[in-house]
Enquirer: 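Questions regarding the structure given below will be posed in turn.
Below, each value reflects all heavy atoms present in this structure, side chains not excepted, and no hydrogens, waters or symmetry copies. All chains are named by letter (A, B, ...) in the order of the sequence lines, taking the proteins before the strands, and each is independently numbered beginning at 1. This is a predicted model, so every value here is computed, not measured.
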Amino acid sequence: MILEALIGVTFLAALIVMLSPDEYAGRLAFALSLLPVVGSLYMWAGFDAGGNALMAGSIAYRTQIDWLVAGGYRLQWFVGVDGISLPLVVLSTVLTTLAILSAWTPIDTRQSQFYGLMLFMEANLLGVFTALDFFLWFVFWEAVLVPMYFLIGVWGGPRRKYAAIKFFVYTNIASLVMFIGFMSLVFNLPVDSFGLPAITGSLQAGELSRFVGLDPAALKLAAFAAMFVGFAVKVPVVPFHTWLPDAHVEAPTPVSVMLAGVLLKMGTYALLRYNFTMLPDVATRPLVATVIAAVAVVSVIYGAMLALAQRDLKRIVAYSSVSSMGYVILGLIAYTGLGIGGATFQMVAHGLISGLMFMAVGVIYNVTHTRMVGDMSGMADRMPITVGILVAGAFGYMGLPLMAGFAAEYFIFQGAFASTVIPSAPLFTAASMFGIVIVAGYLLLAMQRTLFGEFRLETDYEVRRAHFHDVAPLAVLLLCTIALGVAPDIFFTMMADAIEPVVAVVGGGA
Amino acid sequence: MAGLFDYTPAVVLLPFLSFLIAVGVAISGRDLLPKGGAVPGIAATAGSFLLSVALAVAVAGGEVYNETVYAWAGGAVPGTEGLELTFGVLIDPLSALMLVIVTLVALLVHVFSLGYMNDEGETGLPRYYAGLGLFTASMLGFVVADNLLMAFVFFELVGLCSYLLIGFHFREPGPPSAAKKAFLVTRFGDYFFLVGVVAVLATFGTGQFAGPESFPVFAEEALHGEHAVNTFLGLGEETWFTVVGLLVLGGVIGKSAQFPLQTWLPDAMEGPTPVSALIHAATMVAAGVYLVARMYGFYAVSPTALGVIALVGGFTALFAGTMGIVKRELKQVLAYSTISQYGYMMLALGAGGYVAATFHLLTHAFFKALLFLGAGSVIIAMHHNENMWDMGGLKGRMPVTYYSFLAGSLALAGIFPFAGFWSKDEILYETLVHGLGGQPLLLVGYVFGLLAVPVTAFYTFRMVFLTFHGDARTEQASSPEPVGWNVKGPLAVLGVLAAGAGVVNLAPVRVLTGAHVDFLHGWLDAGFAELTVHHYEEIDPYSSAYIGGEATTVLVGAAVSLGLALLGLALAYKLYAVPTPTEHTAKLGSVRDLLYDNYYQDEYQVFLARRVVLPLARAADTFDRSVVDGAVDATSSVSLFSGSRIRRIQTGVVSNYAALLTLGLTVLLVLFGVLGGWLL
Amino acid sequence: MAAPLQAEAPTWTALAPALALVVTGLVLIVVDSIDPDDGSPALLAGVGTAGALASLGLAGWLLAGGTGQPDTGGAIALYGDALVVDGMTLFFQALFASVTALVVVASYDYLYDREYQAEFYSLVLFAATGMALMAAANSLSVAFVSLELASLPSYALVSYLKRDTGSVEAGLKYFLVGALSSAVFAFGISLVYAATGSLLLADVYETLAGGANGLTGVAGVGIVMVAGGFAFKTASVPFHFWAPEAYEGAPAPVSAFLSSASKAAGFALAFRVFVTGFPLGAGIDWVLLFQVLAVVTMTLGNFAAATQEEVKRMLAYSSIGHAGYALIGLAAFTTADGGNVLGASMAHLMVYGFMNTGAFLFVALAERWGIGRTFEDYAGLADRAPLACVAMTVFMFSLAGLPPFGGFFSKYFLFAGAVEAGFWWLAAVGAVNSALSLFYYSRVVKALWLEDATAEFELGPTPTALYAAVVFAAVATVLLLPGFGAVIETAQAAATAVLP
Amino acid sequence: MVPAQYYLVLSAAIFCIGVFGLLTRRNALLFLMSVELMLNAANVNLVAFSLYWGNVTGQTFSLFTMALAAAEVAVGIGIILVLYRNFKDVDVTEATTMRW
Amino acid sequence: MSDAGSRPRLKLGGHLVPGLAAVALFAVLAAVFLRASFGEAAGFEEGASITASIGYAMFNVDTGAVSGAVVPAEGFVVAFVLIAVVLDVAIDGAVFLAKRDEGEGGGGVLADGGREIRDRLRGGDD
């Protein structure tokens, strides 16, 4: 029952905050958002499930009730958590609370609607990570778009309308393509419900029948491709990434934190759940594996190169998200315990670190009202603590050891290097590892220009230290990053345990 | 004594504790600690030093210790049953020795900082001592690391600390860009190192340095076919091990500032001098060499890798030395000398002189730290003016600094009784002997090393004479500021060590007289079976040959190197020991500019970055915005345009509607008539 | 389960919902004759709403009672097989009744100062009766007459604002194209009669199934022309030309009524006639016909709507687009599991009925407040009428097919049905169109919420009834997501029951 | 007995003349007349095949089409009157205030 | 105002092009119908009263108890009731549309077929 309570409470909180007066909306929202955090931590404490939810593993906090029967298929309210989804649930709750806290300063119009939408989005995110019935999942998956559209559209920067609609339509087309791909799979399986475990089981047992002239293998490939494209837009993977920088630059800071922190992970989580767990035989085909690995490497290097050329701090962090997500894709296609485990860990790690970076840039923006690298320098002189945490965050981003970024990237590299699935895996891995140099390059370049040197600010605002409630979330995120870096086993054991069956199917190595 | 080893993690954790205290003070913003956080730092490093000495004594008693302290990740990772990612502690003769060196130099630098930083009234001291604390902790963590992954972790942390400390004066424009450059160039090296780490762990399944399960042992067995390892890219074991060796070497070249990644070290001099002394002379730069020594068993089995190390080392020694001749600032000369000396160590390692390299590492740590601290005290005296041409005649006014600085210089130049001579000579001897034994490549290295000797002597004594001898060329030089005990103390200690350290390993005396005075050789020959010197000599590809017997080669080698050193000294004396020396280097003409601008190394690296990488990035960005983003916007504009066209068929006139309707109906009829077969 | 009604009551009571509507219409005429110059509009509206709600109640009660379902003795054929009452009939009658109720309630405020209100309400009720009977028609004769009964009042209703050129022009065009289409429909029926010799759908099915021996050509033309008649009613291409002007020119409640109820009636009749009347192999593969119609209608509707300047005209084109989606019900019809996709289409029409009516009633509200018709005039409306704008946002995103609103499930079940039947490309075209529709629906939302008001204007008193209707429609749309189970299950059960 | 095809062709001819009149004339009243013509074409078919099939369904139904034609004309004249009052003309091509 | 104006004349000219659509439609219909092959017409029963049969069909009368030959047909009672409602609705709508509200006089449109008003408004020519 805890999951229903968690999602229900968050929806309720959203409603309450939406109707509350603007002055108290911020504090009320923060207080209410602590409930899901406590709930997710409680779930984490009592977590005892083993194995992968989709592959006959035991599902924690499982609820399965028939919702409706349509066209001979039972739609269920089927929710549950396993080693892969629990960390993401915890990440979502924690990040939302911190994002709300960091929104107190910048958001000064229509506050109640803002916080209401944030909580509403959180509820949908929890739904995405816990739903195990395709249609239920798809409801939550699409429902996340609506609040995000308003959050970017109403409180965003100058080109917010363009960015909001681009994000909205682009992601919607992608999920439609994915929907058709998945449906053409499900309808040719002898299953009577949309439950993911049932579908995975039946797929693994090879019960797929012909469909419109496609024999099962070709059908699986077509479905895999459609779903991959659908999720790739969300991840984002390079050819489909152009919505991300616009959305990030125009979105207000707390929304950027949520967008980079959690929304990108929906894509990678879905890739792992659908493409790489249900259709391993397609993913491990040499041609498919090479294409995906190549796309991953291009995402890493190309994303990093783009970041190098940006003048706006937020765009730099946005493009570097593209680069980090490239690592996740590489980890997933490696099909080794460390590879996919590292990819899942990177989802959480990148969530924390990119959240930290965006918040820090946001705090500086609140005071200087500019994000352009050329407009300011010597911020360390005036805002030592914020800059200190920003520098620490930047190093975390670069993959400094004993921080979550390094742990995730190292697992991925180790897993991908020895992968039997990717042809000439070491070359791909080594190529993608060069990303850590470029990341260091542009982050240090940006930091040196804006943070160090003597103090100069084009916009004439009085720069003073950030409020406590702005710096507190930064500190919390930094501590979490270091904690995960020093002891990745907090989440990694749980993840690896859930991934083991996925890898076992392919007989992947270490 | 067994209980003692349980405390080894304390060596690392004590400085880390001081770091935490100092950070706490820095954040709280209030001046809680006396001397701005120095006290906990000094206490912590002193504690570590004592512990290290105790460990050294225990190791001398033949005990060694290799325990996993903390399972970092995946202890229970089913997917990685073969791969244990752990942090552990390895205490054996090599690491005990290095522990002592690092803790001692760190302690002295902490004390020196009191004089250099506190008395000069620097602000932000807690941040400085926090940086020092973290650095010491990371360096010690690196030294005691028992596997390659842990080594890499602390290797990077050390790089971070050097970034923070070089950029300490972040308000001026210089230090931050120097820090950025330092971190980026070393990061470039670390990239290869990380690939190497991943490769080792993927190939052998473990990164352990010591014990029967260590990867050097597996490498050995694999070459003899006794242990199956999975190689990649279809390469044979031999070639694959060489590739992996060279990858790890990338990291070493980056960190130890060897050619071509040495451009960051001279810029790193922007940092405070105690930092330069600690980090850029004794410890961090030594990390690269120490790493190679730590996994020497792995390198020994791949001759090509050793050859590359030797060549890179030798070339860097000469290359950096030549650049040291023309420099005007005191610390610049020392920086290039550091690069050059580490070139020697790499040459020794490449030539199979494992003991020689370690010995030179030991001696160099002391006399280079001494020279840097001496430079520090000169800089205090000269109110932070480092230009040697504004000094002169400080000999009389700063006797303690002068005599310790002179001891250091004599050691650096390799003059007879001082430490430098013994270690440098042994390196050249090993290179010569192994070169003659069928390795012509090493002879090339030997020639490089030999040519570098007079150059080193020349720039060292040019520096000494310009700074201390002759008349005071500026008003400031005539009345230098007095320096306190906390400066002179460390100088005195290091002066003695620089002078006497040679006695540790008098190899030529053993060869001539047969007396076992090469204590270091014996020290390193104990501990884990596979890490001993004789084991390395068995597996490395070198055999030694002599010019008419061992004794004669030793004597000839020593004589040649000492002669060249004295030659260099004499030349420097003649040119610069005059009351008012002139810019002799001007006579070199265009060669001088070439040397002064470090063979335009900096320029081409900056060119590479600014003219190649940045424009490429901008091109990628414009491509991304115009083509990829353009495609997205194009689809929307195409659909909107076609939408506006389709709107047009609604003309508003009913007759048109009726006509189109009838046409539509007719078309449908024809279409389905044909399909249904009932029309045509 | 309550004992099914017809166990003891006479069979004609199965027609109760339709009778309720016609009686209300007549009562309205009687009330009008008593006090001719609209003494009390509230009474008129009250009677109208009461009648509609009564019909809704009856239809719902009969449906719940299982009248005409296979488990309670199958469909009830009345009057020599001319009418049939089964799950599908009651389902659609419930839809017509609820839309009529909403429109009548909304019209009370919309026509506050107009004369001839009684005629308005009576015409609406009679049109609703026509539609109710269309849903119950089981022979082409009743089909034709009930279609005309539904259309004629609509022509009058569209040109209700006699002095407004827009309304008159709309009425004219609607009438002319309507007349042409009804002629085509009649000619089609005559040809089908020529080929089969009967007008009862069951007999037609029998004769055609037995091979029309040489008359396939005649039957084929007849079927295409009959399809043309339905295409007019459902405003699918090529018989859609009247729709943009008619919806834009007509008074907003009438547009709502037309685009929701009469379109659904067209589909009800089309489902009935094609599924039970014309066997698949009978000389013309009408599934392909509807596929062509569906694709062209969807594409034209959505693409034309993308660049409109006026909200109401955009809604008109979007309504054409949705007709295309509903056509998938027939376009992906295979005798094996045709019931599922047909049921999905019925469910989609139900949900679409609510959200589309709501949207047009919001436009009525805007017209009533005197706000202009273009997107710019709607800018910044959210600050002045937040609740109404929330309702409109619900309608817009529900029409676009986004969760957490009703439209999501109905659209995706349709696409899923198409994919299940093997026509994944049909679903793909639908997907592309619905993505484009998201663009222009969000243009409205952008105008309401994101833009800031250009001109300062005061909205005046809020018309309570119209407001209530809009909010009720919004609540219904939202509730249809969790409550979608009931709708889809009854729809698919009814659809599978209809299969011959 | 006249073969049935002739009736079909006759009704098709009448139907198409109706359509022709509808497309070419601009006067609304003529539009109505054309539609009348098309409806009667349907009647021809119905009556002809009522004989062919030997049941009076066709004839009875043709009565209904006539009735509906009358109803349609009634409403049509109403609309044309309103059109005339507003546009001062019965030309259908005049009323194009709403397009695209 | 020459009297030629009042004589009906065949209006030819460019606007006949849309008519081609009608001709095309006829061509298609004719092509289809001529290919259709019909059997022998069944014809009606001798001596059966057609009008009586239509009457019975109209009201679903059970022809079993009726004397004389009756031509079979479907029941049209529902259509009959409906057509009544349709005609009523048509009248309502027509009257509503045609009724002149007090505002617009318009004078004697009845007598001269509306020419006078047209001339006054449109200035004479046809």
Side-chain angles (χ1 to χ4, degrees), chain C residues 139-141 144-145 147-149 151-153 155-156 158-159 161-176 178-180 182-191 193-200 203 215 217-218 221-222 225 244-246 248-249 304 307-310 313, chain D residues 4-5 7-8 11-12 14-15 18-19 22 28 31-32 34-50 52-55 57-58 60-62 64-65 67-69 71-76 78-87 90 92 94-100:
Chain C
S139 85
L140 288 173
S141 58
F144 180 55
V145 174
L147 189 118
E148 284 310 313
L149 175 57
S151 306
L152 288 179
Y155 303 146
V158 168
S159 41
L161 308 171
K162 294 204 284 186
R163 274 193 234 47
D164 170 283
T165 53
S167 172
V168 167
E169 180 190 333
L172 175 75
K173 288 182 183 167
Y174 184 28
F175 170 72
L176 294 181
L180 170 63
S182 66
V184 165
F185 188 50
F187 195 75
I189 291 174
S190 68
L191 286 178
Y193 176 73
T196 56
S198 155
L199 289 177
L200 289 172
D203 304 350
L215 297 176
V218 174
V221 172
M225 288 200 168
E245 266 94 278
E248 182 189 357
T307 50
Q308 291 300 334
E309 293 84 24
E310 286 180 14
R313 197 171 175 82
Chain D
Q5 290 94 328
Y7 291 113
L8 274 179
S11 76
I14 299 168
F15 187 83
V19 170
L22 192 125
F31 198 101
L32 274 184
S34 312
V35 170
E36 276 296 312
L37 207 57
M38 288 158 71
L39 281 170
N40 288 328
N43 287 343
V44 163
N45 252 343
L46 284 169
V47 169
F49 282 90
S50 176
Y52 178 79
W53 290 100
N55 55 32
T57 315
T60 353
F61 186 63
S62 68
F64 286 102
T65 35
L68 278 169
E72 219 166 80
V73 163
V75 175
I79 289 182
I80 289 168
L81 246 172
V82 171
L83 173 77
Y84 182 78
R85 286 203 187 105
N86 283 296
F87 284 89
V90 280
V92 290
E94 282 301 313
T96 56
T97 52
M98 287 182 287
R99 55 175 181 230
W100 299 316

Enquirer: Show the nearest heavy-atom pair for residues C/L176 and D/F31, with the distance to one decimal.
Expert: CD2-CD2, 3.2 Å
Enquirer: Between C/V221, C/L172, C/V184, C/L191, who has the most heavy-atom pairs with chain D when the cutoff is under 4.5 Å?
Expert: C/L172
Enquirer: Using non-hydrogen atoms and a 4.5 Å limit, figure out which bit of D/T60 sits close to chain C: side chain, backbone, both or neither.
Expert: neither
Enquirer: Do you know which of D/M38, D/M98, D/E36 has the most heavy-atom pairs with chain C at a distance under 4.5 angstrom?
Expert: D/M98
Enquirer: Which pair of non-hydrogen atoms, one from D/A42 and one from C/S190, has the smallest distance, and what is that distance?
Expert: O-CB, 3.6 Å
Enquirer: Checking heavy atoms, do the side chain of D/L46, its backbone, both or neither come under 4.5 Å from chain C?
Expert: both
Enquirer: Who passes side chain to side chain donor-acceptor pair (under 3.5 Å) against D/Q5, sequence neighbours left out?
Expert: none
Enquirer: With a 4.5 angstrom heavy-atom cut-off, is it the side chain or the backbone of C/E310 that approaches chain D, or both, or neither?
Expert: neither
Enquirer: For chain D, find which of C/I189, C/T196, C/L180 contributes the most heavy-atom pairs closer than 4.5 angstrom.
Expert: C/T196
Enquirer: Please state whether the side chain, the backbone, both or neither of C/A170 comes within less than 4.5 Å of a heavy atom of chain D.
Expert: both
Enquirer: Check step by step if side chain to side chain contact (heavy atoms under 4.5 Å, CB included) holds for D/T65 and C/F144.
Expert: CA-CA 9 Å; D/T65 35; C/F144 180 55; 3.7 Å; yes
Enquirer: Looking at chain C, which one of D/R99, D/E94, D/E72 has the largest number of heavy-atom pairs inside 4.5 Å, strictly under?
Expert: D/E72
Enquirer: Can you measure from NZ (C/K173) to OG1 (D/T96) and round to the nearest 0.5 angstrom?
Expert: 6.5 Å
Enquirer: Between D/S34 and chain C, which part of the residue has a heavy atom less than 4.5 Å away: side chain, backbone, both or neither?
Expert: neither
Enquirer: Could you tell me which non-hydrogen atom of D/N55 sits nearest to which non-hydrogen atom of C/G197, and how far apart they are?
Expert: ND2-O, 3.0 Å
Enquirer: Roughly how far, to the nearest 0.5 Å, is the CD atom of C/E148 from the CG atom of D/L68?
Expert: 5.5 Å
Enquirer: Where do D/F61 and C/L140 land on the side chain to side chain contact (heavy atoms under 4.5 Å, CB included) test, with the steps shown first?
Expert: CA-CA 10 Å; D/F61 186 63; C/L140 288 173; over 6 Å; no
Enquirer: Identify the two heavy atoms, one from C/A183 and one from D/L39, that lie closest to each other, and give their separation to 0.1 Å.
Expert: CA-CD2, 3.9 Å
Enquirer: Between D/L32 and chain C, which part of the residue has a heavy atom less than 4.5 Å away: side chain, backbone, both or neither?
Expert: side chain
Enquirer: For the backbone of D/G58 and the side chain of C/Y193, can you confirm whether one donor and one acceptor N or O come within less than 3.5 Å of each other?
Expert: yes
Enquirer: Return yes if some donor-acceptor pair links the side-chain N/O of D/N45 with the main-chain N/O of C/F187 below 3.5 Å, else return no.
Expert: no
